[in-house]
Undergrad: 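Pasting a structure below so you can have a look.
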Amino acid sequence: MTSAQRPTLLRLENIRKSFSGVTVLHGINAEIEQGEVLGILGENGAGKSTLLKIVSGIYSLSDGALHIDGEPVTIGSPGDAKRLGIAMIPQEFNLIASLNVFENIFLGHELKRGSLLDKAAMRQRTHDLLQLLETELDPDSLVEDLSVAEKQMVEIAKALVHDARILIMDEPTTVLTKKEVEVLFALIAKLKAQGVTILFISHKLKEVKQLCDRLMILRDGQLVSMDEVAHLSEHDMATKMVGRELNQIFPERSQPLDEWALEVSGLSIRSQLHDISFGVRKGEVLGFAGLVGSGRTETMEALMGLRRSDSGQVKVFGKPVKIRKLRQAVELGLAYLSEDRQGAGLVMNFDLPENISLISLKRYSRGLINHQQTRKQAQDYVQRFSIKAPSLSSELQYLSGGNQQKVYLSKWMDTDPKILILDEPTRGVDVNTKKDIYHFIQSLTEQGMAVIVISSEMEELIGLAHRVMVMREGRLQGELSDEQINEQQIMLLAAGLGPQQRETA
Amino acid sequence: MSDAIKKGALATRFFSGSNAKPKFTIGNYAPLIALIILVVISALASEHFLMPRNITNVLRQVSYTGIIALGMTFVIIAGGIDLSVGSGLALVGVLVIMLLNYLGDGWLAVSVAIGAAAALGAMSGAINGALTTKGKIAPFVATLATMSIFRSLTLYISDAGEMVSQNSVYSKVGTGYFLDLPVPVWLFLGLAALGHMLLRHTAFGRHVCAVGSNPKVASYSAINVQRIIFSTFVILGVTVGLSAVMLSSRLNSVSPGDAGMFYELDAIAAVVIGGTSLNGGKGTIWGTVIGAVILGIINNMLNLMGVSPYLQGTVKGLVILIAVLMQYKRER
Ligand SMILES: Nc1ncnc2c1ncn2[C@@H]1O[C@H](COP(=O)(O)OP(=O)(O)OP(=O)(O)O)[C@@H](O)[C@H]1O
Ligand SMILES: [Mg+2]
């Protein structure tokens with residue numbers, strides 16, 4: 001379908017937004033058509049989430065107007081948005097940990113029979129939605145027990161429950177693996193066929209290319225372009241987004257040393273992990289692939305002393321060690337960036353220096369904390385990772401998602417690690433910064449650091465890793481190295497169909 | 001309430017409305033501004049208010065619960081609460097006077113007794129801390145239980161009779177002056193300065209805030225969450241012990257039935273009026289000091305203006321409500 005055939009559904013007229021005097025959206029004008037999938041691209045902090053939060057009533061606009069079906073509308077609250085048929089899957093989860101899945105999905109608009117809750121109906125409806133999403137999630141599981149990917153699925157289901165006309169998705173795929181993404185895309189195609197308009201924010205250019213009809217590109221709070229996706233290559237997208245040519249996203253791989261940095265053997269947790277053995281050399285990048293729930297995060301958490309393991313030996317630089325607490329792991333030079341930056345990574349009401357120095361605080365204090373030194377260090381990271389923040393003393397909750405991720409990375413880098421474990425390191429990070437992070441990882445390996453990367457982004461593993469371990473259902477399904485590392489091999493192993501199934505040593 | 005808001009945003013957000021602003025706003029200084037306004041009004045309303053004797057008196061009144069409020073600030077920031085402080089004070093007070101009477105006369109006995117009071121207070125705090133961390137009992141419930149237990153033990157040990165100190169110098173501690181200020185006031189201000197340093201400028205204080213803000217993030221940052229929570233209760237216990245010394249030496253006695261009655265309310269109120277969120281995560285010591293002084297001035301003014309003492313509780317309650325409402329507004 002070309003744009004000429006579709007009527008305009010939502011018109012943004014000169015949308016401006018400032019936060020305490022700092023303008024983050026400088027007058028955005030755009031027409032969004034009924035039944036299109038509109039991709040929204042832009043660097044971290046470009047204003048994508050802010051714009052869509054205005055449309056969904058979370059923020060109020062400072063100036064400008066919104067029109068739906070040609071009529072001006074005021075969207076002052078999420079309730080208004082709901083009445084107008086607008087639903088949003090937020091970038092940061094909005095779930096209540098102590099409630100279960102179906103209670104979260106129906107929060108605020110519970111189904112009732114008479115004056116009593118109709119739990120059976122809510123459970124059934126949730127079950128149907130989850131089935132539509134092809135996840136095996138139980139409607140009765142507690143949200144606090146879910147993995148990040150599962151929480152993401154709950155958020156998606158929650159948005160689907162109101163048959164919305166406009167469905168906003170703010171980076172819904174950052175934590176999902178290929179399989180879940182395919183299911184989601186199939187669903188989006190179905191919704192689109194029913195005439196639902198979808199606004200889709202992502203930093204994964206390939207996805208955008210595959211999924212979207214048109215593309216809105218923002219840079220520094222300004223609209224750069226609205227184009228048919230067909231007219232843009234991924235390279236064009238990146239160039240428009242960043243404002244200059246981007247090349248060589250992945251750096252040359254460096255040569256690993258022979259010395260083992262970390263050796264793990266026979267790591268097991270009853271009914272979760274079975275006999276996991278692997279090692280990583282100095283200067284090497286070891287990738288971990290697998291579907292959601294394959295046990296990659298559990299493995300690393302067990303290794304770091306964040307989870308109890310039932311058996312297993314660990315050697316760090318050849319020396320057998322017992323790690324029972326995270327503190328011990330940190331002292332041995334291990335660092336673990338969790339996939340859950342919001343739930344396990346950052347203190348949202350701490351500012352940048354407070355977050356970055358939280359683990360390494362000892363280094364800055366002789367009795368009393370040297371605040372000046374923590375600020376200076378934070379400033380260094382702000383420069384190194386081009387972190388965009390209103391100021392050094394802004395609380396983390398006011399940073400855009402990608403910029404939070406960069407602060408999180410800084411926090412672990414500040415512990416001076418020798419073995420770096422990164423669980424979804426570029427979650428929500430824009431292409432330009434991704435490139436910076438990849439080159440940064442490369443420079444670390446050059447200096448002999450051992451790096452483990454868990455990623456649901458296949459290209460990331462293919463582009464960075466010397467070897468890739470593929471996990472499935474709590475077991476190591478296989479190991480790929482050098483030329484063997486490609487999408488097909490990884491997918492086969494992850495699905496349990498690997499040609500080189502092997503018993504782990 | 002969302003995950004994100006519950007974990008992070010609730011602690012301190014100083015602006016109302018949906019657009020939260022990361023800026024220093026009036027809200028940051030609300031307690032201080034309230035105090036200044038209160039002082040001005042009081043000075044206009046009563047010529048006695050600004051007289052040095054009256055001011056000293058107010059500060060002395062404030063210091064007993066104020067000292068406890070300092071410790072309470074740590075507990076509340078770490079996400080807890082302690083209802084047992086009033087009973088704890090009575091228990092420590094009775095035990096200290098018993099010890100003092102056993103040790104005999106003189107300054108040495110007094111010094112030992114003060115040390116013992118701090119240690120006993122720390123122990124009562126450790127009990128509360130262990131119940132909440134090891135026993136995994138919600139602090140509200142655990143300290144509700146110890147509140148009852150401490151009071152009942154106090155009455156049992158003292159046979160419900162007033163305990164009078166026979167030590168001839170003990171009362172000099174609580175009634176003494178140094179540079180025109182009563183000793184308890186010095187202790188209050190000294191501990192406040194110490195508490196401020198601890199909270200703002202040490203790793204421990206930073207960890208307390210992190211634990212209160214998001215315990216999971218704290219544990220994923222290699223912080224021993226349980227130990228931090230436990231420590232905050234012990235700190236509070238020490239302040240309770242020291243407050244017990246100040247109060248019992250001022251009166252040279254302890255009446256087990258009503259010593260420390262409702263101190264938990266005043267202490268918690270001071271913390272809340274001082275801008276510390278009951279949800280934990282962030283707060284200041286200087287806010288608590290101001291909160292305690294505000295409560296003291298209100299009491300004093302009602303006295304000076306001859307308002308029935310029976311109505312003072314109503315006024316105090318209203319002030320607490322206003323403070324909490326203002327906090328909710330800022331947090332949204
Ligand atoms: N509540 C807020 N208060 C102050 N500044 C804010 C607030 N929300 C966002 N900002 C600022 O507005 C800018 C745009 O943020 P926004 O979240 O819209 O970025 P984004 O394009 O979604 O980025 P990302 O790709 O990292 O998610 C950022 O610089 C951010 O710091
Ligand atoms: Mg965003």
Side-chain angles (χ1 to χ4, degrees), chain A residues 17-21 57-60 62 76-77 90 92-97 143-144 151 301 304 306 325-331 336 338 340-351 354-355 357-359 361-362 364-365 367-369 371 389-391 393-398 411 415, chain B residues 1-15 17-25 27-28 77 194 196-227 276-277 279-283 330-332:
Chain A
K17 177 70 190 171
S18 34
F19 293 106
S20 41
I58 297 167
Y59 289 155
S60 53
S62 309
S77 69
E92 308 296 339
F93 302 139
N94 244 320
L95 301 171
I96 297 185
V143 162
E144 62 188 354
K151 284 187 197 157
E301 292 195 345
M304 294 297 290
L306 284 161
K325 281 200 213 111
L326 182 60
R327 180 49 73 189
Q328 296 170 321
V330 172
E331 272 155 19
Y336 171 62
S338 148
D340 188 2
R341 69 159 174 266
Q342 194 188 350
L346 296 165
V347 182
M348 289 297 168
N349 66 347
F350 275 20
D351 65 14
E354 284 168 343
N355 267 293
S357 65
L358 190 57
I359 308 173
L361 205 51
K362 241 192 220 154
Y364 301 99
S365 46
L368 301 184
I369 299 170
H371 296 287
S391 86
S393 356
S394 329
E395 294 178 12
L396 257 282
Q397 56 184 319
Y398 303 121
K411 173 176 164 182
T415 63
Chain B
M1 220 174 287
S2 76
D3 246 8
I5 296 192
K6 206 167 58 187
K7 298 259 164 69
L10 264 191
T12 2
R13 191 174 287 177
F14 298 113
F15 218 86
S18 60
N19 303 331
K21 314 202 174 186
K23 204 169 80 164
F24 280 96
T25 54
N28 264 326
I77 291 177
L194 203 68
H196 174 78
M197 291 297 272
L198 196 59
L199 186 62
R200 278 292 303 149
H201 300 295
T202 69
F204 173 76
R206 187 67 57 76
H207 290 174
V208 169
C209 296
V211 165
S213 190
N214 187 336
K216 185 163 180 202
V217 171
S219 65
Y220 274 66
S221 304
I223 294 171
N224 188 335
V225 173
Q226 304 298 328
R227 208 192 68 204
T276 296
S277 159
N279 294 295
K282 223 163 205 189
R330 290 185 311 212
E331 280 166 1
R332 260 205 315 263

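Throughout, a chain's letter reflects where its sequence line sits, starting with A, and its residues are numbered from 1.
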Undergrad: Can you tell me which portion of A/Leu396 sits under 4.5 Å from chain B's heavy atoms? Options are side chain, backbone, both or neither.
TA: neither
Undergrad: Identify the two heavy atoms, one from B/Met197 and one from A/Leu368, that lie closest to each other, and give their separation to 0.1 Å.
TA: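 Closest heavy-atom pair between B/Met197 and A/Leu368: CE-CD1, 3.3 Å.
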Undergrad: Between A/Lys411 and A/Leu358, is any pair of side-chain heavy atoms under 4.5 Å apart?
TA: yes
Undergrad: Side chain from CB out, backbone as N, CA, C, O: work out which of these in A/Glu144 comes under 4.5 Å of a heavy atom of chain B, or both, or neither.
TA: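 When you check distances to chain B, no heavy atom of A/Glu144 falls under 4.5 Å.
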Undergrad: For the residue pair B/His196 and B/Leu198, establish whether any side-chain heavy-atom pair is separated by less than 4.5 Å.
TA: no
Undergrad: At a heavy-atom separation under 4.5 Å, does A/Leu361 approach chain B through its side chain, its backbone, both, or neither?
TA: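 The side chain, not the backbone.
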Undergrad: How close do B/Ser219 and A/Leu306 get, heavy atom to heavy atom, and via which atoms?
TA: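 Shortest heavy-atom separation between B/Ser219 and A/Leu306 comes out as O-CD2, 4.1 Å.
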Undergrad: Quick check on the interface: out of A/Lys362, A/Arg327, A/Gln328, A/Lys325, who has the most heavy-atom pairs with chain B under 4.5 Å?
TA: A/Arg327
Undergrad: Under 4.5 Å heavy-atom distance to chain B, tell me which part of A/Asp340 shows up: side chain, backbone, both or neither.
TA: side chain
Undergrad: Is the backbone N or O of B/Asn279 less than 3.5 Å from a side-chain atom of B/Ser277, with the two atoms forming a donor-acceptor pair by type?
TA: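 Yes: the side chain of B/Ser277 pairs with the backbone of B/Asn279.
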Undergrad: In terms of heavy-atom proximity below 4.5 Å to chain B, should A/Thr415 be classed as side chain, backbone, both, or neither?
TA: neither
